[in-house]
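Index from 1, following the sequence.
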Amino acid sequence: MMPSAAFSAEDANTIVVGQAIDLSSPNAAIGRDYVAGIKTYFDALNSTGGINGKKVRYVVRDDQATPAVAVKAVTELIERDQVDFLLGGVGDNVTQAVLNAPAFKRSNLVLFAPLVDAIELNNNRILFWRPGYLQEVQHILSHFAPLGIKNVGIVYQDGPATQEAFRSLSTELRGRGLTLTGTVRLGNNEKLNAQEASRLAATKPGFVIVIADTISSALFLKEFRKFASQTYVAGTSLINLETLREVAGARAVEWTVFSQVVPNPNTGKTPIQLEHLTMMKKYRDEPPSSLTLEGFVVAKALSKTIQRSKRSTRTVLQDLMAQDTNIDLGGLSMSSGKSNHLSSYVDIALFKKNGLIF
């Protein structure tokens, strides 16, 4: 999965894009899919001449989902590989660590398109592709509103960012007149987590929202389904659904719904969906997913931004953040200037034993 170093760092006819991302932890399927989508776009782009005559050299380091490792990897990318652009990794903790890294602070780089779930950062050194966590949650709540469900349970993983997300979600529920029937804070004690899942089921929530990584969500779901086999469980887009099904079991993932920040990756309804499908078949030996499509879109967004710029490459993202710009990526648009989130696209998908239904 590590991209090959096809071009030398000294080559003036290259644009160096670096990324530190999780490729080896239990939750690494997200990072691997994201990288596959990014690399697919850059491979296709380089085959047609690159960006303004320059090829893209894509350099990836494994941060192992560990903040200290992420800081070391990003420092190497900045100081040794001299990257022109830095793509973000997966997770709130590593993202915050990168933003605080001395090498990053000394650089004039903007951290582009990290995959974070809970944190909301108004920072001029970070630019998100995906909409914010609260926007995803609001879309989920709007999805359930027509059903007349008023009772909601919340499950969240223990940690500062997820606790903040829990507080934001609780406020949103109160604002909508919904009742919080119970909460579960997932820790490292599996027996206690199972007991908490049973207790939450006993409160009979109409649906449950989970704020946790893929493995923790799957372990909760596996236990919760013993007591509530047909209660809707909802999660956000940073859940790897194949890993979820593998860990929780095919029966457990029925009656689950997830917000999605890209369209259905398995159809070609728009030009960007069709382009992604075509290039994945040409350059990869793995199936498309929402994360491969998101990576593909992120790489295209960065490339289009560079192509449009009239200034040096390292100022491109700063310029983008300062301008009111709208760029069509092929049926999916990116807008800058209003916030540090380029996309506001959110969809909902039902995950059943036979797969994802948008």
Side-chain angles (χ1 to χ4, degrees), residues 30 34 90 92 113-122 128-157 161-162 164-180 205-214 217 221 231-241 244 253-267 269-270 272-273 289-291 293-294 297-298 301 326 329 331-335 338-352 355-358:
I30 289 175
Y34 196 43
V90 181
D92 307 303
L115 297 176
V116 301
D117 207 1
I119 62 173
E120 295 285 349
L121 292 168
N122 292 316
F128 297 96
W129 160 259
R130 53 179 35 235
Y133 164 78
L134 188 57
Q135 187 175 341
E136 288 195 56
V137 166
Q138 288 168 341
H139 193 82
I140 291 171
L141 295 176
S142 297
H143 173 77
F144 283 108
L147 301 179
I149 299 174
K150 295 294 185 181
N151 299 323
V152 184
I154 300 177
V155 177
Y156 66 101
Q157 198 166 351
T162 48
E164 179 60 33
F166 167 72
R167 288 189 286 269
S168 297
L169 176 54
S170 300
T171 300
E172 185 71 21
L173 294 181
R174 288 194 296 271
R176 291 172 179 257
L178 301 175
T179 300
L180 180 60
F207 66 95
V208 174
I209 296 180
V210 180
I211 311 167
D213 64 28
T214 302
S217 297
L221 191 59
T231 298
Y232 282 111
V233 176
T236 53
S237 58
L238 278 186
I239 297 292
N240 185 280
L241 301 180
L244 185 82
V253 300
E254 295 185 53
W255 299 86
T256 59
V257 297
F258 297 90
S259 55
Q260 299 291 296
V261 297
V262 290
N264 189 338
N266 293 301
T267 65
K269 293 182 178 179
T270 64
I272 189 68
Q273 289 168 284
S289 70
S290 294
L291 267 302
L293 177 53
E294 186 172 355
V297 168
V298 161
N326 188 281
L329 301 176
L332 193 63
S333 63
M334 55 179 277
S335 300
K338 299 179 178 63
S339 76
N340 61 348
H341 295 267
L342 294 176
S343 174
S344 60
Y345 182 93
V346 185
D347 198 356
I348 201 83
L350 174 66
F351 194 51
K352 302 186 73 175
L356 199 62
I357 301 175
F358 282 71

Holding to side chain to side chain donor-acceptor pair (under 3.5 Å), I want the full list of residues that pass it with Asn240, two or more places apart in sequence or in another chain. Thr243
For the residue pair Tyr133 and Ala165, what are the closest heavy atoms and their distance? CE2-CB, 3.7 Å
Distance in Å, Ile209 CD1 paired with Leu169 CG, rounded so as to fall on 0.5 Å steps: 4.5 Å
Can you see which heavy atom on Ser237 is nearest to which on Leu291, and at what distance? O-CD2, 4.2 Å
Verdict with reasoning, Ile272 to Val297, per side-chain contact (heavy atoms from CB on, under 4.5 Å): CA-CA 8 Å; Ile272 189 68; Val297 168; 3.8 Å; yes
Check Thr236 against Phe258 and note the closest heavy-atom contact, atom names and distance. O-CD2, 3.8 Å
For Tyr156, what residues pass the ring-ring contact (aromatic ring centres under 6.0 Å, His included) criterion, not counting sequence neighbours? Phe166
Just jot down the side chain to side chain donor-acceptor pair (under 3.5 Å) partners of Thr267, sequence neighbours excluded, or say none. Gln273
Minimum heavy-atom distance Leu180-Ser170, with the two atoms named: CD2-OG, 4.4 Å
Does a side chain donor of either Arg174 or Thr171 reach within less than 3.5 Å of an acceptor in the other side chain? yes
With sequence neighbours left out, what residues match Ala212 under side chain to side chain contact (heavy atoms under 4.5 Å, CB included)? Gln157, Leu186, Val210, Ser216, Ser217
Quick one: does Gln135's side chain have a donor or acceptor within less than 3.5 Å of a partner on Ser344's backbone? yes
Taking atom OG1 of Thr214 and atom CD1 of Ile30, what is their separation to the nearest 0.5 Å? 4.0 Å
Within the 4.5 Å heavy-atom criterion, are Phe207 and Val152 side-chain neighbours or not? yes
Interatomic distance, Asp92 atom CG to Asp213 atom CG [nearest 0.5 angstrom]: 10.5 Å
Flag the pair Tyr345 / Pro263 as yes when at least one side-chain heavy-atom distance between them is below 4.5 Å, and no otherwise. yes
Is there side-chain contact between Val208 and Val155, with at least one heavy-atom pair below 4.5 Å? yes
Distance from Glu294 atom CD to Ser289 atom OG, nearest 0.5 Å? 9.5 Å
Candidate pair Thr256 and Ile239, rule side-chain contact (heavy atoms from CB on, under 4.5 Å), full reasoning: CA-CA 12 Å; Thr256 59; Ile239 297 292; over 6 Å; no
Let me see the working for Asn264 and Lys269 under side-chain contact (heavy atoms from CB on, under 4.5 Å), right down to the final yes or no. CA-CA 9 Å; Asn264 189 338; Lys269 293 182 178 179; over 6 Å; no
Scan the side chains in residues 138-145 for donor-acceptor partners under 3.5 Å anywhere in the protein, sequence neighbours excluded, and list what turns up.
residue, atom, partner, partner atom, Å
Gln138, NE2, Glu172, OE1, 3.4
Ser142, OG, Gln138, O, 2.9

Pairs in or reaching into residues 134-151: which pass salt bridge (charged side-chain N to carboxylate O under 4.0 Å, His left out), with residues at least two apart or in two chains? Arg130-Glu136
Closest non-hydrogen atom pair between Gly206 and Thr231, with its separation: O-CG2, 3.9 Å
Residue pair Met334 / Trp129: nearest heavy atoms and the distance that separates them: CB-CZ3, 3.5 Å
